[in-house]
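Just below is one structure, and these are the notes that go with it.
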Protein chains: 2
Amino acid sequence: MQTALEMRSKPVADHTPDRPLYDLIELFFFAYRDFVGDPDRILEQYGFGRAHHRVLHFVDRNPGLTIAALLDILRITKQSLNRVLKELLEKGYVEQRAGLTDRRQRLLYPTPRGKALAVDLARLQTQRIARALEETGLDAEAAAKRFLAAMIEPAERPTVARLSHHDDEDGA
Amino acid sequence: MQTALEMRSKPVADHTPDRPLYDLIELFFFAYRDFVGDPDRILEQYGFGRAHHRVLHFVDRNPGLTIAALLDILRITKQSLNRVLKELLEKGYVEQRAGLTDRRQRLLYPTPRGKALAVDLARLQTQRIARALEETGLDAEAAAKRFLAAMIEPAERPTVARLSHHDDEDGA
DNA sequence: GGGGATATGTCAGTGATGTTGACATATCCC
DNA sequence: GGGATATGTCAACATCACTGACATATCCCC
């Protein structure tokens, strides 16, 4: 016996499950925090922040990138970009060359020093991801949860899980 | 025929693959940006920011939370917490009650209004995750990539992929 | 019951990163 | 030659983090 409400067929692309996916929401938050936390420790020693990391990363990955393209990727204003980019240029981690066809453009390239730092930071983040992948069995939602949980510092994981599993205390 | 270097057995828990996992690094960055971007638009209408969202979320999820426990979860200073918490209290989204056993504690609870906002924001993020899960086939690394790519705004995804797939241009 | 530890609140200053708005310069292209 | 485009820069401001210092209330132990 079902009410009409319970019986109504779900729209094709509803994407709203019956229950909020609190676990995944929180796992994503914690996983990202640790994901950016790794590079943060290194960057501090260079007097750089996350903003510098993002710029260096995308310049390293897309050598010859224009300012406009970089702004497109980062979705920040040119004033915000300019501040960190200027520091990367001054400290010799990135260099500019005039565009070949369009000389208004400033094509961005990593210097050897910049390349080295970018690779170093990528290696750090890769390690965390690689470990997470190793620890992940993978199959649908349960698999995604396991993957993101594995992205969190092992020492933190139990606490996080405990905090998220209060579902059973409101009598459900 | 392998050199000694190539033959050396990998340490048990190395977690460093031969190649950096650039795709996953970038997908994680973009996915998180969109994940927090959804709530941002709503929060703006209330004069709140991401910091308020995080506090409201964890108070809603863990009613009766103490300040100390909240600081532990968020890993920020009490001064940082206090500013946003005060606003949530003043605007009536969170309320404090003295601890039952320890009256020094300020137990935090969402008000009905706070609960409503928290649920609304969770619903938004749940929708994105749910859609991503639906679009994900899941099996090991390839599955994780697909999952995170699906977390990115559909309109953005092709661009992102294009920018990340420059691997083949350096002759490899 | 006095006193140190604990939980929380608050003031003041600073830093990193983002924003808007306005304007300058160099180059491109019709 | 002149408008559009790519970039650089100055100034002011918002958010959210930090450190350091200090105040208050309550707990708990000797």
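Please read these numbers as outputs of a predicted model, since none were measured by experiment. Excluded from the calculations below are hydrogen atoms, water molecules and symmetry mates; all remaining heavy atoms, backbone and side chain alike, are included.
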Sugar-phosphate only, base, or nothing, as touched by E44(B) at under 4.0 Å among non-hydrogen atoms: nothing

Tell me whether the side-chain N/O atoms of [X] come closer than 4.0 Å to OP1 or OP2 in [N].
| X | N | result |
| --- | --- | --- |
| Q105(A) | dC28(C) | no |
| T77(B) | dA17(D) | no |
| R103(B) | dT26(D) | yes |

Aromatic ring proximity, centroids under 6.0 angstrom, Y22(A) and F58(B): no

Base partner of dG8(D), which must satisfy Watson-Crick or wobble distances under 3.5 Å: dC23(C)

G-U wobble or Watson-Crick pairing nucleotide for dC29(C) (cut-off 3.5 Å, both distances): dG2(D)

Take atom [atom1] of [X] and atom [atom2] of [N], then tell me their distance rounded to the nearest Å.
| X | N | atom1 | atom2 | value |
| --- | --- | --- | --- | --- |
| L100(A) | dC28(C) | CG | C1' | 15 Å |
| L43(A) | dG15(C) | CG | C1' | 16 Å |
| Q96(B) | dT10(C) | CD | C1' | 14 Å |
| D40(A) | dC18(D) | CG | P | 12 Å |
| K78(A) | dT20(C) | NZ | P | 12 Å |
| L74(A) | dT17(C) | CG | P | 12 Å |
| I67(B) | dT10(C) | CD1 | C1' | 13 Å |

Y32(B): which of F29(A), Y32(A), F30(A) passes ring pair (Phe, Tyr, Trp, His ring centres under 6.0 Å): Y32(A)

base_contact_polar (dT7(D) base, R104(A) side chain, donor-acceptor, <3.5 Å): no

Joint hydrophobic cluster, L107(A) plus V55(A), side-chain heavy atoms closer than 4.5 Å: no

Nearest heavy atoms of T126(A) and L21(B), plus distance in Å: OG1-N, 3.0 Å

Heavy-atom pair with the smallest gap, counting every atom of Y46(B) and K91(B): O-NZ, 3.3 Å

Backbone of G92(A) reached by a side-chain donor or acceptor of T111(A) within 3.5 Å: yes

Side chain Q125(B), main chain F35(B), donor-acceptor under 3.5 Å: yes

Pairwise 5' ranking along DNA chain C for I76(A) and A68(B), keeping only the more 5' one: A68(B)

Ring-face cation of R97(B) near Y109(B) (centre distance under 6.0 Å, axis angle within 45°): yes

E44(A) atom CD, over 12 foreign heavy atoms within 6.0 Å: no

Contact list for DNA chain D against residues 47-56 of chain B - heavy-atom distance below 4.0 Å: G49(B), R50(B), A51(B), H52(B), R54(B)

Out of dA7(C), dT7(D), dA21(D), whichever nucleotide has its closest atom nearest the side chain of D102(B): dA7(C)

Residues within residues 79-90 of chain B bordering DNA chain C, heavy-atom distance below 4.0 Å: Q79(B), N82(B), K86(B)

Side-chain heavy atoms of Q96(B) within contact of L89(B), under 4.5 Å: yes

